[in-house]
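Notes follow once the structure below has been shown.
Sequence lines set the chain letters: A, B, ... in the order given, protein chains first and strands last, and positions in each chain run from 1.
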Number of protein chains: 2
Amino acid sequence: MLPDAYAADCPSRQILNRIGDTWSVLVVVMLADGTHRYTELARRIQGVSPKMLTQTLRGLERDGLITRTVHPVVPPRVDYALTSLGQSLYGLVEGLEKWAEAHIDDVQAARTAYDAAQA
Amino acid sequence: MLPDAYAADCPSRQILNRIGDTWSVLVVVMLADGTHRYTELARRIQGVSPKMLTQTLRGLERDGLITRTVHPVVPPRVDYALTSLGQSLYGLVEGLEKWAEAHIDDVQAARTAYDAAQA
DNA sequence: CAGGATCCTTGCCGATACTG
DNA sequence: CAGTATCGGCAAGGATCCTG
């Protein structure tokens with residue numbers, strides 16, 4: 001059963017799905033300060049399995065948000081970097097962070113009040 | 001296993017989770033144009049089960065994003081509306097939509113190119 | 001009308017082992 | 001080093017039935 005058509009396949013939803021994905025956001029944030037290798041990403045983003053990291057990187061690459069550069073050397077070396085589109089998306093994430101920092105106290109207060117009222 | 005501590009419980013992640021939730025966003029968008037009843041939301045947001053709708057509404061209420069007003073009449077009538085905090089969040093969603101509309105063509109083109117390269 | 005309770009499926013994701 | 005392949009657990013979420 002599909003959700004409302006006015007939101008199922010619209011551009012917004014696709015972006016929302018990406019934004020809502022934990023690993024994707026973390027990768028984008030990490031790459032915001034420059035190129036990184038696979039292992040660097042894996043080490044810094046603690047808790048991510050090879051499977052999920054690869055899957056996330058492939059998805060971001062497919063969407064044109066990051067580039068994947070394979071250096072034909074041994075041992076292998078693969079670099080990941082944001083495209084300009086990816087940097088643009090990072091701008092959005094920064095906007096979200098600003099909003100979050102500005103309003104998290106209100107949200108926390110609301111939660112506390114709500115939970116107290118349920119007791 | 002927790003993801004990177006610098007992102008697990010930070011304000012950004014909590015907002016990201018909310019933004020990434022399909023039903024929450026749809027509810028916020030629907031309430032952006034005014035107060036609506038439970039059934040109105042259920043009918044308009046096609047495909048949502050009573051369970052998920054209630055769960056979503058409770059979550060939004062707990063976070064102080066919407067208000068829930070029970071009218072003591074028969075048959076029951078419950079109105080939902082955005083708080084000012086919820087309206088502020090809606091502003092964020094609008095920003096995402098603008099970005100999505102502006103860049104979806106690039107993303108689509110990247111996907112097509114990527115898929116073609118795999119064949 | 002506005003949900004609460006229950007059951008049950010599915011698909012996401014983590015852990016692990018293996019390879020060019 | 002940079003992945004791929006496979007298995008299994010677990011929780012989100014859908015369908016359904018029931019009630020104040």
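The interatomic distance linking Leu53(A) (CG) with dA2(D) (P) rounds to 10 Å, in whole Å. Nucleotide dG3(C) holds its P atom 10 Å from the CG atom of Asp79(B), rounded to whole Å. Separating the CZ atom of Arg77(A) from the C1' atom of dG20(C) is a distance of 19 Å, rounded to the nearest angstrom. Spacing between atom CG of Leu41(A) and atom P of dG3(D) amounts to 10 Å, rounded to whole angstrom units. Note: CE (Met52(A)) to C1' (dG11(C)) measures 12 Å, nearest angstrom. The distance from atom NE2 of His71(A) to atom C1' of dA2(D) is 13 Å, rounded to the nearest whole Å. Distance Arg44(A) CZ to dA2(D) C1': 20 Å, rounded to the nearest Å. One atom, CZ of Arg37(B), and another, C1' of dG3(C), lie 13 Å apart when rounded to the nearest Å.
Phosphate contact (OP1/OP2 of dG14(C), side-chain N/O of Trp23(A), threshold under 4.0 Å): present.
Here CD1 of Ile66(B) is found 11.5 Å from CG of Leu89(B). Values are rounded to the nearest 0.5 Å.
Scored by the salt bridge (charged side-chain N to carboxylate O under 4.0 Å, His left out) test, Asp106(B) finds no partners at all (sequence neighbours excluded). His103(B) pairs by the ring-ring contact (aromatic ring centres under 6.0 Å, His included) definition with Trp99(B), not counting sequence neighbours. Partners of Tyr80(B) according to the side-chain hydrogen bond (donor to acceptor under 3.5 Å, both in side chains) rule, which considers only residues two or more places apart in sequence or in another chain, are Arg68(B).
Contact between Val28(B) and Gly86(B) at its shortest, heavy atoms only, is CG1-O, 4.4 Å.
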Tabulate atom names and distances for all N/O pairs under 3.5 angstrom spanning the protein and nucleotides 4-9 of chain D.
unit_1	atom_1	unit_2	atom_2	d
dT4(D)	OP1	Arg58(A)	NH2	3.1

Scan the side chains in residues 112-119 of chain B for donor-acceptor partners under 3.5 Å anywhere in the protein, sequence neighbours excluded, and list what turns up.
unit_1	atom_1	unit_2	atom_2	d
Thr112(B)	OG1	Gln108(B)	O	3.0
Asp115(B)	OD1	Arg62(A)	NH1	2.8
Asp115(B)	OD2	Arg62(A)	NH1	2.5

Side-chain donor-acceptor distances from residues 50-57 of chain B under 3.5 Å, at least two apart:
unit_1	atom_1	unit_2	atom_2	d
Thr54(B)	OG1	Tyr38(B)	OH	3.2
Thr54(B)	OG1	Pro50(B)	O	3.0
Thr56(B)	OG1	Met52(B)	O	2.7

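In terms of position along DNA chain C, the nucleotide closest to Ser49(A) lies nearer the 5' end than the nucleotide closest to the other residue of the pair Pro76(A) and Ser49(A).
Proximity note for Tyr80(A) (side chain, C-beta onward) versus dG3(D), dG3(C), dG14(D): the nearest is dG3(D).
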